[in-house]
Amino acid sequence: MTMMPLEKREITNSRLVYGCMGLGGEWNGDQLTKEDYITAQKAVEAALENNITMFDHADIYKHGRSETVFGRLLKEDPGLREKIVLQSKCGIRFSEGEVPNRYDFSEKHILSSVDGILERLETDYLDILLLHRPDPLMEPEEVASAFSKLRESGKVKHFGVSNMNAAQIKLLQAYCDEPLIVNQLEMSLNRLDWVEHGVLVNQKEGASVNFSDGIIEHCRLENIQLQAWAPLAYGLYSGRDSKNPTEAIMATKKAVNELAEKKGTSAEAIVLGWLMRHPAKVQPVIGTVNPGRIKNCAEAVKQAEIMTREEWYTLYTASRGKKMP
Ligand SMILES: NC(=O)c1ccc[n+]([C@@H]2O[C@H](COP(=O)([O-])OP(=O)(O)OC[C@H]3O[C@@H](n4cnc5c(N)ncnc54)[C@H](OP(=O)(O)O)[C@@H]3O)[C@@H](O)[C@H]2O)c1
């Protein structure tokens with residue numbers, strides 16, 4: 001098995017990541033307001049107070065304003081940058097005039113995106129850069145060249161991907177000298193395909209599972225850190241009302257809240273603890289800006305450690321809405 005260099009292991013050893021997509025105001029806003037700044041300040045403070053020291057961005061979040069507001073916080077606290085792990089993503093481009101939304105892994109676009117990210121974040125380097133969504137026109141040689149230049153210039157220390165399958169990662173890795181150390185995917189108690197894919201091997205109903213073949217196993221074997229986006233399922237089991245509550249959603253909500261009460265913890269901690277209890281050591285990327293919810297999420301580290309197999313399967317079968325095959 002490939003051994004991960006020490007530096008790489010350290011960089012992803014935070015059990016929770018704070019997802020910054022909620023910072024920077026509304027998607028359709030045009031500039032940062034004082035209120036956006038205060039929201040960001042309180043959210044980042046809550047994350048740090050609860051030992052969450054890794055932050056996930058993307059150049060597109062709020063059209064750059066998530067990074068801009070975070071950059072202001074970094075500027076005001078010069079010691080902070082060295083204490084945190086800063087990750088951002090590039091590769092998605094919004095529509096411009098007649099040109100539609102698209103993905104762009106060209107060397108030119110990757111290099112210019114990183115310059116924009118660093119400027120907005122008011123920092124000299126990113127700890128990790130992810131490619132946001134697979135670009136069908138990807139030329140791996142171009143990505144490899146961009147990564148080498150970024151690494152050599154000190155602008156980016158490590159590289160990874162998001163929403164990629166095992167074959168795409170293998171193709172890209174074959175060209176890159178830099179190891180790909182992260183893959184960020186949607187995984188949660190509501191988005192179960194990452195578990196169902198393995199459970200339903202050789203079962204007819206497995207045909208309906210929409211998840212990349214062998215991606216969890218590939219990442220585990222290659223020491224690629226799996227990160228889960230939308231891990232709270234937008235609060236579906238921890239307080240937000242569902243517009244379309246199915247029996248499975250209601251049963252899962254009940255199971256989550258009963259377990260939270262029994263353990264004296266929050267519903268968020270159970271929802272995230274369920275993800276983190278999996279031996280793949282998934283890192284949830286939490287997107288709430290609410291300081292109370294951030295604190296609740298932090299309790300998941302302990303809940304993941306103490307969750308029994310029976311509790312894990314109780315939550316899983318409630319969410320899949322039927323018994324195991
Ligand atoms: N790689 C990718 O393609 C990709 C895609 C999407 C997201 N991401 C990353 O993943 C992070 C998390 O994703 P996410 O924010 O979409 O999902 P999430 O963490 O599952 O959910 C957070 C959202 O749910 C709301 N929420 C949570 N609990 C709630 C409750 N009890 N009542 C009402 N609302 C509640 C939050 O609102 P409040 O803020 O008001 O709590 C927030 O809007 C993002 O910040 C981003 O960094 C990556």
Side-chain angles (χ1 to χ4, degrees), residues 1-19 54-58 85 87-91 103 105 126-135 138 140 143-144 147 151 156-201 206 209-231 233 272-286 300-301 304 307 312 316:
M1 190 193 299
T2 329
M3 277 308 291
M4 188 162 48
L6 185 63
E7 195 188 358
K8 187 167 132 193
R9 228 179 298 143
E10 281 171 347
I11 206 119
T12 54
N13 72 2
S14 167
R15 286 300 273 128
L16 287 164
V17 179
Y18 184 75
M54 183 165 179
F55 294 86
D56 177 68
H57 285 272
V85 174
Q87 169 175 284
S88 192
K89 316 182 197 75
C90 70
Y103 306 150
F105 286 5
L126 277 181
D127 294 292
I128 310 178
L129 174 73
L130 307 186
L131 298 177
H132 207 153
R133 281 189 180 275
D135 171 14
M138 174 180 86
V143 177
F147 282 5
R151 172 87 199 219
V156 179
K157 293 195 172 180
H158 302 277
F159 300 87
V161 296
S162 177
N163 302 304
M164 278 204 192
N165 67 25
Q168 290 164 327
I169 293 176
K170 281 182 205 168
L171 173 67
L172 185 57
Q173 188 63 85
Y175 287 83
C176 292
D177 293 334
E178 290 76 16
L180 301 171
I181 67 165
V182 169
N183 188 18
Q184 193 177 108
L185 300 164
E186 185 178 6
M187 296 186 277
S188 73
L189 193 47
N190 185 47
R191 178 76 203 270
L192 286 180
D193 285 352
W194 64 288
V195 186
E196 291 285 276
H197 185 267
V199 166
L200 294 175
V201 170
V209 175
N210 172 24
F211 205 75
S212 151
D213 194 18
I215 184 62
I216 301 294
E217 293 77 6
H218 179 71
C219 290
R220 288 177 71 178
L221 281 168
E222 295 299 324
N223 283 315
I224 297 169
Q225 176 65 54
L226 283 158
Q227 294 180 346
W229 61 265
L272 299 176
W274 179 84
L275 257 178
M276 295 158 77
R277 168 67 177 79
H278 190 279
K281 300 254 179 289
V282 174
Q283 269 182 327
V285 184
I286 57 162
V301 178
M307 188 174 287
W312 191 89
Y316 173 41

* Verdict with supporting geometry, Ile216 and Val282, side-chain contact (heavy atoms from CB on, under 4.5 Å) -> CA-CA 10 Å; Ile216 301 294; Val282 174; over 6 Å; no
* Please identify each residue that fulfils ring pair (Phe, Tyr, Trp, His ring centres under 6.0 Å) with Tyr316, with sequence neighbours left out. => Trp312
* Can you check side-chain contact (heavy atoms from CB on, under 4.5 Å) on Leu126 and His57, steps first, answer last? -> CA-CA 10 Å; Leu126 277 181; His57 285 272; over 6 Å; no
How close do [X] and [Y] get, heavy atom to heavy atom, and via which atoms?
{"X": "Ala300", "Y": "Gly273", "answer": "CB-N, 3.8 Å"}
{"X": "Gly198", "Y": "Val201", "answer": "O-CG2, 3.3 Å"}
{"X": "Gly214", "Y": "His197", "answer": "N-CE1, 3.5 Å"}
{"X": "Gly19", "Y": "Val285", "answer": "CA-CG1, 3.6 Å"}
{"X": "Arg277", "Y": "Ala304", "answer": "CD-O, 3.5 Å"}
{"X": "Arg133", "Y": "Phe105", "answer": "O-CZ, 3.0 Å"}

* Asked: Does Asp135 have any side-chain hydrogen bond (donor to acceptor under 3.5 Å, both in side chains) partners at least two apart in sequence or in another chain, and if so, which?
  -> none
* Going by an N to O cut-off under 4.0 Å, is there a salt bridge joining Glu186 and Arg191? -> yes
Are any non-hydrogen side-chain atoms of [X] and [Y] less than 4.5 angstrom apart?
{"X": "Pro179", "Y": "Glu222", "result": "no"}
{"X": "Met54", "Y": "Ile128", "result": "yes"}
{"X": "Met138", "Y": "Leu171", "result": "yes"}

Going from [atom1] on [X] to [atom2] on [Y], what distance comes out if it is rounded to the nearest 0.5 angstrom?
{"X": "Leu185", "Y": "Ile215", "atom1": "CG", "atom2": "CD1", "value": "6.0 Å"}
{"X": "Arg151", "Y": "Cys176", "atom1": "CZ", "atom2": "SG", "value": "12.5 Å"}
{"X": "Asp127", "Y": "Lys157", "atom1": "CG", "atom2": "NZ", "value": "6.0 Å"}
{"X": "His218", "Y": "Ile224", "atom1": "NE2", "atom2": "CD1", "value": "4.0 Å"}
{"X": "Leu272", "Y": "Ile286", "atom1": "CG", "atom2": "CD1", "value": "7.0 Å"}
{"X": "His158", "Y": "Gln87", "atom1": "NE2", "atom2": "CD", "value": "11.0 Å"}

* ring-ring contact (aromatic ring centres under 6.0 Å, His included): which pairs involve residues 159-193, sequence neighbours left out? -> Phe147-Phe159
If we ignore hydrogens and angles and just use 3.5 Å, is the side chain of [X] paired with the main-chain N or O of [Y] as donor and acceptor?
{"X": "Gln173", "Y": "Glu178", "value": "yes"}
{"X": "Asn165", "Y": "Gln168", "value": "yes"}
{"X": "Arg15", "Y": "Met276", "value": "yes"}
{"X": "Gln227", "Y": "Val182", "value": "no"}

* **Option passing side chain to side chain contact (heavy atoms under 4.5 Å, CB included) with Gln184 (candidates Asn163, Val17, Leu130)** => Leu130
* To do: Would you please test Val195 and Trp274 for side-chain contact (heavy atoms from CB on, under 4.5 Å) and show each step?
  => CA-CA 12 Å; Val195 186; Trp274 179 84; 4.0 Å; yes
* **Chi angles and distances behind the side-chain contact (heavy atoms from CB on, under 4.5 Å) call for Phe55, Val85** => CA-CA 6 Å; Phe55 294 86; Val85 174; over 6 Å; no
